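Per chain, numbering begins at 1; letters A, B, ... match sequence-line order. As the structure is a prediction and not an experimental result, all values here were calculated from the model.
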Protein chains: 2
Amino acid sequence: MRARKFAYAQVCVYAYPCGTLTPVTTPPPGLRERKKRATREALREAALRLAVEHGPDQVRVEDIAEAAGVSPRTYNNYFASREQAIVAAVTADRETRIAAAVAARPAGVRLADAVTEAVIEQYTNAGEREREALLLIATGTALREAFLDAATGIEPPLTAVFAERLADTGAQTARVLAASVAAAVRIALEGWLRSAGASGADEAAGATGACGPEGGSGAGGLVVPSGSLPGLLRAAMAPLAPAFDAAEGRGRP
Amino acid sequence: MRARKFAYAQVCVYAYPCGTLTPVTTPPPGLRERKKRATREALREAALRLAVEHGPDQVRVEDIAEAAGVSPRTYNNYFASREQAIVAAVTADRETRIAAAVAARPAGVRLADAVTEAVIEQYTNAGEREREALLLIATGTALREAFLDAATGIEPPLTAVFAERLADTGAQTARVLAASVAAAVRIALEGWLRSAGASGADEAAGATGACGPEGGSGAGGLVVPSGSLPGLLRAAMAPLAPAFDAAEGRGRP
DNA sequence: ACGCAAACTTGCGTGCGCGCATTTTTCTTG
DNA sequence: CAAGAAAAATGCGCGCACGCAAGTTTGCGT
């Protein structure tokens with residue numbers, strides 16, 4: 001029995017310096033940082049372009065790396081999986097923008113409304129090319145999964161803004177609420193992609209591997225007839241509103 | 001540019017027949033099914049045993065398969081990753097038991113309380129050997145991640161029971177609440193493992209790759225001093241209670 | 001009992017994720 | 001600006017996940 005050589009690592013080794021938590025003041029970005037951003041974007045763009053040109057399954061990381069002018073090994077210093085680069089080309093830094101949008105709302109409005117609107121706002125900006133890419137994403141299981149997983153990225157920044165607004169309540173509450181929002185968004189996107197790419201074969205089994213009840217022909221077919229993304233997002237966020245109100249100390253306005 | 005040969009598949013190909021949604025009546029399991037269960041358990045047990053004996057990073061899937069008397073290829077017909085088998089030996093079918101425990105509560109009690117108690121109950125049954133295994137799991141990043149991901153498994157069964165109790169509300173609500181519970185449980189377990197294996201090196205960066213604020217020395221250190229698992233679970237579930245009450249139509253009892 | 005179809009196993013081959021060690025590039029400091 | 005430190009890119013190797021295309025086993029109808 002030989003030993004395994006490694007024990008997993010944190011993804012994106014030097015992707016996010018961690019000490020530089022999005023400095024509000026951008027001093028001079030420095031050459032190092034600029035090159036890194038450039039490489040990252042080159043990889044994203046190359047990945048998306050190749051995926052569109054030849055189909056998502058005809059592209060290897062080697063191809064993406066070559067198109068971006070870096071070694072295959074370097075690719076994995078930026079993205080932990082083959083799909084992440086493609087997804088990142090569409091997702092970009094949506095998470096940060098959502099958090100910023102929430103923070104920008106006046107302090108008087110319900111937190112639940114603020115976050116709902118912010119999410120819808122940021123997910124509805126379909127910039128022509130994004131639509132095309134999303135259509136591509138909906139076609140394959142792997143890409144779809146990667147796209148949905150990317151939605152989890154909103155959790156950390158959301159936790160931060162929530163913690164600020166709910167200072168008196170525990171920090172745990174902020175984390176839980178942020179995670180719940182992420183889950184809701186994921187569910188909404190899942191339903192949306194299901195209707196968007198409703199021409200594929202395997203539509204019965206849920207994307208999360210749900211084999212239990214609630215499979216294909218269960219109840220709830222008439223509730224929310226798989227409509228527009230904003231509608232789905234609103235519907236998914238609605239059940240969480242009472243939790244936000246309670247955390248804010250509102251007595252059902 | 002050669003083509004990639006595959007496009008991902010559903011994990012655990014014939015692990016859950018899907019058509020057989022946990023039949024309440026177990027007719028006669030049949031030889032086929034019994035063998036499958038035996039193989040699955042053999043793999044789980046072998047994986048855990050080898051991991052304990054030689055350390056989690058010294059075990060390859062090849063070793064596990066050999067110890068269980070199947071081919072390496074067969075291993076991946078049952079588990080999608082090397083860690084899943086080890087985790088499964090501890091997790092077993094906790095998800096199903098949690099859902100059953102929730103369904104077993106009298107219909108009069110608050111749903112929020114029912115699910116909280118059910119979760120605590122099922123996660124607190126530490127059967128001596130499980131404690132040892134969990135200690136093992138806490139030591140490595142990969143295993144820890146797999147263990148936390150496994151908590152997501154409660155989502156489908158919970159969705160089912162929620163949908164039953166909240167029949168009048170939409171099925172979407174059930175899904176969102178179930179996902180939120182899963183997220184809360186994950187957060188609680190995360191905090192618990194952090195305190196349990198608090199002798200490792202890299203404890204600063206969050207397990208979810210959280211690099212932003214809320215890192216190591218942020219605010220909230222005095223809220224919930226990383227205590228017992230039941231306490232952590234209760235604290236994580238608390239913020240969701242209002243959402244459950246609202247879904248049940250309760251006006252703050 | 002026989003044979004057939006479906007379920008499951010297995011060997012093979014490919015691409016992928018990443019630890020490790022080395023080289024190259026960028027940032028500091030005197 | 002030169003030298004050293006820090007960060008990043010690269011090459012290499014290993015183990016892993018899984019499609020595919022055989023084999024083998026189990027269940028069923030006649």
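Side-chain atoms of B/Q58 do not come within 3.5 Å of backbone N or O of B/H54 as any donor-acceptor pair. Between the side chain of B/Y75 and the backbone N or O of B/S81 there is at least one donor-acceptor pair closer than 3.5 Å. In this structure a side-chain-to-backbone donor-acceptor pair under 3.5 Å is missing from A/R175 to B/I187.
Remark: C1' of C/dT25 and CZ of A/R34 are 14 Å apart, rounded to the nearest angstrom. When rounded to the nearest whole Å, the span between CG of B/D57 and C1' of C/dG17 equals 15 Å. The nearest whole Å value for the distance from the CD atom in A/E145 to the C1' atom in D/dA17 is 15 Å. If you take CZ of A/R40 and C1' of D/dA9, they are 15 Å apart, rounded to a whole angstrom. For the pair A/E62 CD and D/dT10 P, the interatomic distance rounds to 14 Å; values are reported in whole Å. B/D63 has its CG atom 14 Å from the C1' atom of D/dC14, to the nearest Å. Atom-to-atom, CD of B/Q58 to C1' of D/dC14 comes out at 14 Å; the value is rounded to the nearest Å. The CD1-C1' distance, from A/I64 to C/dG17, rounds to 14 Å in whole Å.
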Worksheet item: Under the salt bridge (Lys or Arg N to Asp or Glu O under 4.0 Å) criterion, do A/R44 and A/E83 qualify, and how do the steps go?
Response: CA-CA 10 Å; A/R44 278 193 303 208; A/E83 292 79 13; over 6 Å; no
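Side chain B/R73 to base C/dG13: no donor-acceptor pair is found below 3.5 Å. You won't find any donor-acceptor pair under 3.5 Å spanning the side chain of B/R60 and the base of D/dG15, going by distance alone.
For the residue pair B/L232 and B/G191, the shortest heavy atom distance occurs at CD1-C, 4.1 Å. The nearest pair of heavy atoms linking A/A85 to A/L43 is CB-O, 4.4 Å.
In the set D/dA17, C/dG17, C/dT10, the nucleotide with an atom closest to the side chain of B/V70 is C/dT10. Closest to the side chain of A/A80, out of D/dA17, C/dG17, C/dC18, is C/dC18. Ranking D/dA17, D/dG11, C/dT10 by closeness to the B/T74 side chain, first place goes to C/dT10. Of the candidate nucleotides D/dC18, C/dC18, C/dT10, C/dT10 has the atom lying nearest to any side-chain atom of B/N77. Here the nucleotide nearest the side chain of B/Y78, chosen from C/dT10, D/dA17, C/dC8, is C/dC8.
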Could you list all N or O pairs between the protein and nucleotides 27-30 of chain C that sit under 3.5 Å apart?
residue, atom, partner, partner atom, Å
C/dC27, OP1, A/L31, N, 2.8
C/dC27, OP1, A/R32, N, 2.6

For nucleotides 21-24 of chain C, tabulate all protein N/O to nucleotide N/O atom pairs closer than 3.5 Å, reporting atom names and distance.
none

Which pairs, protein N/O on one side and nucleotides 3-5 of chain D N/O on the other, fall under 3.5 Å?
none

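For C/dA7, the OP1/OP2 oxygens have no side-chain nitrogen or oxygen of B/K36 closer than 4.0 Å. Between A/Y75 and the phosphate of C/dG17, there is no side-chain N or O to OP1/OP2 separation shorter than 4.0 Å. A close approach under 4.0 Å does occur between a side-chain nitrogen or oxygen of B/K35 and OP1 or OP2 of D/dT26.
Atom CD of B/E95 is separated from atom OG1 of B/T152 by 10.0 Å, given to the nearest 0.5 angstrom. From A/E190, atom CD reaches atom CG of A/L148 across 5.5 Å, with rounding to the nearest 0.5 Å. A distance of 9.0 Å separates CG in A/N76 from OG in A/S71, rounded to the nearest 0.5 Å.
At a threshold of 4.5 Å between non-hydrogen side-chain atoms, the residues B/R49 and B/V52 do not count as touching.
Salt-bridge check for A/E41 with A/R37: failed, with every basic side-chain N at 4.0 Å or more from each acidic carboxylate O.
The residue among B/S71 and A/S81 whose nearest nucleotide of DNA chain C is located toward the 5' end is B/S71.
For B/E45, the CD atom counts as densely surrounded, since its 6.0 Å shell holds more than 12 non-hydrogen atoms of other residues, nucleotides or ligands. Atom CD of A/E66 has 12 or fewer heavy atoms from other residues, nucleotides or ligands within 6.0 Å.
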